[in-house]
Amino acid sequence: MLKIYNTLTRKKETFTPRVAGKVGMYVCGMTVYDYCHIGHARVMVVFDIVARYFRYSSYDLTYVRNVTDIDDKIIQRANENNEDFTALTTRFIEAMHEDERALAVLPVDIEPKATESIADIIAMIEKLIANQLAYVGTNGDIFYAINKFKTYGKLSGKKLDELHAGERVNVDKAKNNPLDFVLWKMAKTGEPAWESPWGLGRPGWHIECSAMSTCCLGNHFDIHGGGMDLQFPHHENEIAQSEGATNEKFVNYWMHNGFVRVDDEKMSKSLGNFFTVREVLKKYRPEVIRFFILSSHYRSPLNYSDAQLDEAQTALTRIYTALRGVEMVNISIDVSYKARFDAAMDDDFNTPIALSVLFDIAKALNKAKADIHKSQPLVATLRYLGSVLGILQDNSDTFLKGIEADNDLTTEKIEQLIQDRIDAKKNKDWTIADKIRDELKEQGIILEDAPGNKTTWRRK
RNA sequence: GGCUGCGUAGCAAAGUGGUUAUGCAGUGGCCUGCAAAGCCAUCUACACCAGUUCGAUUCUGGUCGCAGCCUCCA
């Protein structure tokens, strides 16, 4: 039975879908004005796992993740680049999809864009005005009157009188209450703008997600996810907007993933301590990044460092080493390992435990290698459960041998040297044999002898 | 200041009211021409102080430390 930690109640709750067998899930996506960093990769991978696990558990899932393709930063960046904002967003949406494909993140079912949802956004704002939850500010912008929404703060645990608005920023005088947030912004000259009953303008950030989620999944749906930092005010505001407009409950389960940190600080643009996905991919393989993300629980903080990535690489090497030489034929899996794996994933998607089950299988496989009847189900189980996490789908030799280095040490040459060494070994010329092995080791090639004058190799 | 959450062995990271997490690293052994890989065994833990309990790392309260949010952010 699947349990999910619900931010709304701060408890793990048994997951009960609104409609038996069906799940609607909305995740706040990226604002596309730059390349995705590892923090973004974490959201993508975490909710990719959630989606994969729902499907593996036979749910009919509709996974929606939006794209924010109009906002202050986008306009600013487009101006800096002296290009149309749509050219900018189109480019970065494509880059985002490239990163996702690289990380084996499966495509979402629906990817709504803010700029293509303007009519829905306007309709929702009109409902909020009709329900007397929104008003026109003195500058013409439309604001949400948060004190009119009785349960404001229920997600983040904040009370209105405890929120010190404007403590760190200047209070906007156009609002009735400093905490009110903008739904529709009047356009300044030269800014992208859309027609609305209130004049030319553009939507506020929060209303986009309310409109896009309810539009794709209905007024009331199962799961809404995103990064921890979106809890307040973004998701709080979404609740106020959606429930205020529809008079229905908005979301049953709120899921928030923890941050990626660098030296125990949040990875963010403003701190300048971020690493883009494509940057890290130059150094580490996609599967290693994925494994690194899965190695801690999705709600825990995840410290980014080369040492951590190196460990992920080593850990994966252990499993692929176990798989080496016993590639799979179609055979039934070992249900006891599957049961342990499922129990881990059912417990709020506990991927570290799920991975530990994979290590247990790898150990059993290492012991069972000589016996094909024992080893085959283990290989099948490892591959199958790995697929739920989006890992271990590579050919083990391909993974272990890695990418050919950018020097003259070709695969052919490596294999020639190995043959030379085998010949030397036959003559018991250990000096030559060891010399070849040492020299290859210096170039990152590890040789491993097997019985019968067979030698396998891998890249360190 | 308010609101969340965290503090686990050398490192990373789960979890539990009493019994092996797991991966890397270390130590001893097996295997090997020697290694590597693998297997077996093994050493390092639960921030601190009280309380509840037959028994707490696990529950409760407090102390200290850290992070996030309270402005845009995954």
Side-chain angles (χ1 to χ4, degrees), chain A residues 7 10 27-31 36-47 65 68 71-73 76 153 155-159 161-172 179 181 205 225-234 236 256-261 264-271 274 291-292 294-297 299-303 305 307-308 310-319 321-322 324 344 347 350-360 362-363 365-367 369 400 425 428-431 433-434 437-438 441 446-451 455-458 460:
Chain A
T7 309
R10 312 266 163 194
V27 173
C28 287
M30 266 52 83
T31 301
C36 292
H37 63 224
I38 295 297
H40 299 120
R42 190 174 192 193
V43 189
M44 294 180 194
V45 170
V46 161
F47 287 100
R65 195 189 54 211
T68 296
D71 114 305
D72 288 349
K73 280 180 178 158
Q76 191 191 329
L155 178 67
S156 52
K158 295 181 191 300
K159 298 193 181 84
D161 51 2
E162 283 167 351
L163 284 163
H164 299 161
E167 199 165 79
R168 288 157 60 196
V169 285
N170 292 329
V171 176
D172 188 340
L179 291 162
F181 57 92
W205 175 44
M228 287 277 198
D229 49 353
L230 299 185
Q231 231 174 80
F232 188 90
H234 186 55
E236 200 71 71
H256 292 99
N257 66 275
F259 290 122
V260 176
R261 296 190 198 168
D264 288 322
E265 268 186 318
K266 176 181 172 181
M267 180 183 286
S268 72
K269 299 252 161 153
S270 50
L271 284 165
F274 63 93
F291 188 97
F292 161 67
L294 297 176
S295 64
S296 82
H297 184 86
R299 285 188 281 112
S300 302
L302 179 60
N303 231 358
S305 70
Q308 292 268 72
D310 289 339
E311 272 214 16
Q313 157 94 31
T314 309
L316 268 174
T317 299
R318 175 167 166 84
I319 301 180
T321 304
R324 183 168 55 184
D347 185 15
N350 196 329
T351 52
I353 298 274
L355 290 176
S356 80
V357 175
L358 301 189
F359 282 110
D360 285 350
K363 177 170 270 187
L365 177 55
N366 280 330
K367 286 197 242 186
K369 263 193 174 169
L400 294 170
K425 278 174 60 176
K428 297 205 188 302
D429 190 344
W430 310 125
T431 317
D434 290 354
R437 188 171 62 196
D438 290 347
K441 192 180 175 188
I446 310 287
L447 299 192
E448 287 158 355
D449 292 340
T455 298
T456 53
W457 64 274
R458 64 186 166 94
K460 193 171 168 35

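In the text below, chain A, chain B and the rest are named by the order of the sequence lines, each starting its count at 1. FYI, side chains are in, hydrogens and waters are out, and symmetry mates aren't considered; it's all heavy atoms of this structure. Quantities reported herein were computed from a predicted structural model and do not represent experimental measurements.
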### Message
Mind checking if A/G258 touches a base, just sugar-phosphate, or nothing, with heavy atoms under 4.0 Å?
### Response
base
### Task
Between B/A74, B/A14, B/A36, spot the one nearest the side chain of A/R458, thanks.
B/A36
### Task
Applying side chain to side chain contact (heavy atoms under 4.5 Å, CB included) between A/L355 and each of A/L358, A/I353, A/V357, report the one that passes.
A/L358
### Carboxylate-amine/guanidinium proximity below 4.0 Å for A/D264 and A/R261
yes
### Query
What nucleic acid atoms does A/S268 come within less than 4.0 Å of, heavy atoms only: base, sugar-phosphate, or nothing?
nothing
### Task
Could you check whether A/M44 gets within reach of a base, just the sugar-phosphate, or nothing at all, counting any heavy atom under 4.0 Å?
nothing
### Message
Let me confirm one number: the CG-CD distance from A/L230 to A/E236, rounded to the nearest 0.5 Å.
### Response
12.5 Å
### Task
Answer with base, sugar-phosphate or nothing: what part of the nucleic acid does A/L447 contact at a heavy-atom distance below 4.0 Å?
base
#### Entry: Touch class at under 4.0 angstrom, heavy-atom based, for A/V46 against every strand present
nothing
#### Entry: Between B/U32 and B/G38 - C1' atom distance, rounded Å
11 Å
### Query
If each of A/P301 and A/I446 is mapped to the nucleotide of RNA chain B with the nearest heavy atom, which maps nearer the 5' terminus, i.e. the 5' end?
A/P301
### Query
Between A/E265 (CD) and B/C6 (P), how many Å, whole number?
21 Å
### Message
As a test of reading the structure: which of B/U22, B/G23, B/C34 is closest to the side chain of A/D360, going by heavy atoms?
### Response
B/U22
